[in-house]
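Below is one structure; the comments refer to it alone.
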Amino acid sequence: MPSTITITLPDGTAREYPEGTTAADVASSIGKRLAKAAVAAIDNGDEIDLGRPLHDGDQVAIVTEDTEAGRHVLRHSTAHVLAQAVTQLFPGAKFSIGPAIENGFYYDFDLPGGKTFSEDDLAVIEARMREIIAADQPFTRSEVSPDEALRIFADQPYKVEIIERVSSGGDELDSGEVDGSSGAISVYRNTGSGQGPGGPVDFVDLCRGPHVPSTGRLGHFALQKVAGAYWRGNEKGPMLQRIYGTAWESDAALKAHLEQLAEAEKRDHRKLATELDLLSFPSELGGGLAVWHPKGGIVRKLIEDYSRMRHERGGYEFVFTPHLTKSTLYETSGHLAWYADGMYPPMEMDNGTYYMKPMNCPMHCLIFRSRQRSYRELPLRLFELGTVYRYERAGTLHGLLRIRGFTQDDSHIYCTAEQLPGEIGSLLDFVLSVLRAFGFEDFTFNLSTKDPDKYVGSDEIWETATDALRSVLDDRGFEYSIKEGDAAFYGPKIDVDVRDAIGRSWQLSTIQCDFNHPERFELEYVGSDNQRHRPIMVHRALFGSIERFFGVLLEHFAGAFPTWLAPVQVRVLPVSSAHEGYADQVARSITAVGGRADVIRAVDPLGKRIRAAKLEKLPYVLVVGDDDVAATTVGVNPRGGEVERGVALDVFVKRFADEVAEATALALDADNAPAPDALPA
RNA sequence: GCCCAGAUAGCUCAGUCGGCAGAGCAUUUCACUCGUAAUGAAAAGGUCGAGGGUUCGAUUCCCUCUCUGGGCUCCA
């Protein structure tokens, strides 16, 4: 056995260390700053504690606190401190799992006697956590046999369940809770300050680790909220009490995160919808059902008009279908069997059973099937702004983002297998082009593939379609993640996520192949060989739901719609009553070029009227006074810009009209000349 | 659907240990006629989410429901 060991660092350099050297020692040997920032290490690909001895020949990298991996360690360790605090403050509390999550961590508890946490408890728990952190308790890892672990956690039923599952060979590791891969089970103990690893144990938890060396490394955290959560995510299982928190490597990072949350709250579409008088959810209607006020209505109309215009140019044909249908339609499509729970309850009438429609696809299939189809008609692209109703469970409703009555910008494309790759490609280009017109530039893609346990259609057709989707993404050089087995049973799909102005990701568009509907509705076309063939159907939702898209747009723009979408584009403010006639004239020259302008008379002081316009986030405020009346000019106060006095009226009108025209024409260049196969037959 | 927390004027929010309901903004009226983010005064505005219970008396305490928020679960 050599008395020195050789360690290889990430940059390829090899260093010699005495036997028994730990990752912490390596970090110190490289530099003080690194040693200070180190929270864990990666040893031959495995994350380990800094205090673990290394072996000859190991490849070692130090994990620092300012990386995602490092924050993960901080968060996971903070979760342990949370559990320690709760078990000390609430004797008899059972704890289950407490993983690090994006931006933070949580821990689930079961309090004795069915007690629950209140928001007030958070401050008390947080104070105790800070005491534990101040005590600088070391995290000490040890490995025990399953029997030993069961003894340690004898009064912790959730831990017992995890140990039993892991030791019975289940390969499922509970959210990083425990490392059972070696047959032994790892546990981490926190011991009191100054007592060292052999001192009295304050807290012990099952854990795979790694953890920071001691609780003193933590502290830039905040507890955020309490919530209910099912044990193991099973809604038939017990409901646990979950505490969420966030933790970072520094107070600056913590503060930045909390500010980001505050910014998101300011942009909340429900708040903005009320403030800007766009829409409301009257309780008289019931949950998840919105009414659109004039200002929200005009924006929605503009979105829909633009969508229709683009679809018309894109070779789609417009169809309309009813909101109610007999149950037989959904028996044919198979939806009733799978999704009856998500549909509004049946209505009995005329000796039939009727349902509100939860989707448009089966009706579009009936349109396809209404007469014999020729291959010359394909691809057939049907488009509908179809309003559907789904019985979303009460607890899932969320403003416009999860709603019970909504309008899909739904299209169904029927094509041949040969046409599929080209069709998917032009669909994706079309989708992105339209999204860009609404100010979204940053897209991510997910490709969902066959769930081997639940699918219809032949393996060949799945393979063809999946290849088509994949090559479309590859050809365009788009990065995408593959979600194995995530496809619906009827076909593979591409989902498009957009990133908004403050970096949040929203799933909007979807392009889904469907081998099920054509089968169930026995759709056929006559090919050039004079034989009957089954078409492939592609579902394509662009905005997904108009309501949801509107909500996302509202948050993206923080209520400040771009000029072409703003409910009021130009507000004209006469300085005094004497200028009202001229103000009206200015407004008329805006409406003459298709703009939306209003005039607020001089009953309130100018400053107050300007402030009101700014709070309404209007793109342009025009102030007109004596000088302007005399010279036919306006004072331009643009949103987010500098005031410009004495702008000639016709100059402003042209500038305004050009801006609007440009915005709506922007994305049109791409499909001004539709591909030959995109033209209606 | 489940857990927790809520619901007071159009909006944001005080308040009532069970005894005639409060502010600011918004609205209306009057005065002010003003050059780029809040002029002054007055008025009006409420079944204190709905229904039931306890009580001499309930907006307040209890129960049920509806709706909302945060989660969980679900999402064709």
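Scope of the values below: all heavy atoms of this structure, side chains included, with no hydrogens, waters or symmetry mates. Keep in mind it's a predicted model, so treat the numbers as computed, not measured. In what follows, chains carry the letters A, B, and so on, assigned in the order in which the sequence lines appear, proteins first and then strands, with residues in each chain numbered from 1.
- Between A/K608 and the phosphate of B/A26, there is a side-chain N or O to OP1/OP2 separation shorter than 4.0 Å.
- Residue contacts shown for A/N234 are absent, as no nucleic acid heavy atom lies under 4.0 Å away.
- Partners of A/D277 according to the salt bridge (Lys or Arg N to Asp or Glu O under 4.0 Å) rule, which considers only residues two or more places apart in sequence or in another chain, do not exist here.
- When the side-chain nitrogen and oxygen atoms of A/K225 are compared with OP1 and OP2 of B/G71, one or more of them lie within a distance under 4.0 Å.
- Atom CD1 of A/I101 and atom P of B/G71 are 10 Å apart (whole Å).
- Here A/R270 reaches the OP1 or OP2 of B/G69: one of its side-chain N or O atoms lies under 4.0 Å away.
- Both the sub-6.0 Å distance and the 45° axial angle are satisfied by A/R75 relative to the ring of A/W248.
- A/G607 comes within 4.0 angstrom of sugar-phosphate atoms only, judged by non-hydrogen atoms across all strands, and of no base.
- As judged by a 4.0 angstrom heavy-atom cut-off over every strand, A/F489 is placed among residues making no nucleic acid contact.
- Taking the six-membered ring for Trp and thresholds of 30 and 60 degrees, A/Y389 and A/Y344 have ring planes more than 60 degrees apart, a perpendicular arrangement.
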Taking only Watson-Crick and G-U wobble pairs with both distances under 3.5 Å, what dot-bracket line describes RNA chain B, where [ ] shows pairs that cross earlier ones and | shows pairs with another strand? (((((((..((((.....[..)))).(((((.......))))).....(((((..]....))))))))))))....
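- Using a 4.0 Å heavy-atom distance criterion, A/D341 is classed as making no nucleic acid contact.
- Evaluation of atom-type donor-acceptor distances gives no pair under 3.5 Å for the side chain of A/S283 against the base of B/U66.
- No hydrogens or angles were tested; on distance alone, nothing pairs the side chain of A/R390 with the base of B/C74 as donor and acceptor under 3.5 Å.
- OP1 or OP2 of B/C72 sits under 4.0 Å from a side-chain N or O of A/Y244.
- Residue contacts for A/V621: at a heavy-atom cut-off of 4.0 Å it reaches no nucleic acid atom on any strand shown.
- Here A/R611 does not reach the OP1 or OP2 of B/A26: none of its side-chain N or O atoms lies under 4.0 Å away.
- Between A/H579 and B/C34 there is no side-chain polar atom (N or O) within less than 4.0 angstrom of OP1 or OP2.
- Under the 6.0 Å cut-off for aromatic ring centres, A/H517 and A/H412 do not qualify, their centroids lying 6.0 Å or more apart.
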